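Note: hydrogens, waters and symmetry copies are ignored here, and every other heavy atom, side chains too, is used. Just so you know, residue 1 is the first one in the sequence shown, and it goes up from there. Keep in mind that what you see is a predicted model, and the values were worked out from it rather than measured.
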Amino acid sequence: DNLGFALRLVNIVTLPAATGLAVLAVPITTVLFFRGAFSAQDVVVTAAALQGLAVGLWAVAATRQITACLYALGDTKTPVWGGAVALLVKIGFSLALMGSVSFADETNWVAQAVASLSRSLAVWDLGVVGLAISTSLAAIANLIFQAVALSWHFHSFPWRRWMVSL
C-alpha cells in the first residue's frame, strides 16, 4: 500500500510539472538562453527537446520509487537489467529518430559504425529532439521493466490504483 501511495504521489507531482515544462518550454528556453549566439531557431529546437524530455519525467521519478523497493527486497540485479534495457532502447530509438549522422573520413571505426547505423536505421530526422524523445522512451522502458519485475515479488501490485492516478 505504501508503494501504491508513493507512485500515486509521483504522478500527482510530476505529471503537472511535466505538463508545465512542455507547455512553457518556449518561454522557459527564451528566458534562460535567448541572447548572444543563441538564435531564435536555437530556442525553438531547444524548447522542442525540453518537451521531448518532459514526456519521460514521470517515468524517471516512478522508477526511483520502484528501484528503492527492489533494493529493499534485496534484488539488486533487476535495476541493473532495467538500465541495460533502457540503454538498448535509447540506442535503438536514437538511431531511428535522430536522422543520419556523418563524420569525417579520418575518424575512428566506432564513429564510422555509428554513422553507418544511423544512415541505415534512420526513420525520422528529428535531430536533437529525436534524442530527447528516445531518452524519455528509454526511461519508460526502464519503468515498465522494473515495475513488471517488482509485480512478480508482490501478489497485489497496485497497478490499477497507480494507472487511475495518471
Notebook entry, point to check: Out of curiosity, Gln65 CD to Leu143 CG, how far, rounded to the nearest 0.5 Å?
Noted result: 11.0 Å
Margin query: Please determine whether side-chain contact (heavy atoms from CB on, under 4.5 Å) holds for the pair Leu137 and Val55, giving the CA-CA distance in whole Å, both sets of side-chain angles, and the decisive distance to 0.1 Å.
Written below: CA-CA 8 Å; Leu137 292 173; Val55 171; over 6 Å; no
Item checked: Residues, nucleotides or ligands: over 12 heavy atoms within 6.0 Å of Phe38 CZ -> yes
Note to self: A side-chain contact here means heavy atoms from C-beta on lying under 4.5 Å apart; do His153 and Leu70 qualify?
What the structure shows: yes
Checklist line | Flag, side chain of Ser116 to backbone of Gln112, donor-acceptor distance under 3.5 Å | finding: no
Item checked: Donor-acceptor pair, side chain of Ser118 and main chain of Ala115, under 3.5 angstrom -> yes
Next item on the list: Could you tell me whether Arg119 atom CZ has more than 12 heavy atoms of other residues or ligands within 6.0 Å of it?
Entry: yes
Item checked: Other residues, nucleotides, ligands: >12 heavy atoms within 6.0 Å of Phe93 CZ -> no
Next item on the list: Would you check if the side chain of Lys90 reaches a backbone N or O of Leu131 as a donor-acceptor pair within less than 3.5 Å?
Entry: yes
Item checked: Heavy-atom donor-acceptor pair, Thr29 side chain to Val43 backbone, under 3.5 Å -> no
Item checked: Candidates Ile133, Leu97, Val129 - the one meeting side-chain contact (heavy atoms from CB on, under 4.5 Å) with Trp124 -> Leu97
Margin query: Closer than 3.5 angstrom, by distance alone: can the side chain of Asp42 be matched with the main-chain N or O of Ser39 as a donor-acceptor pair?
Written below: yes
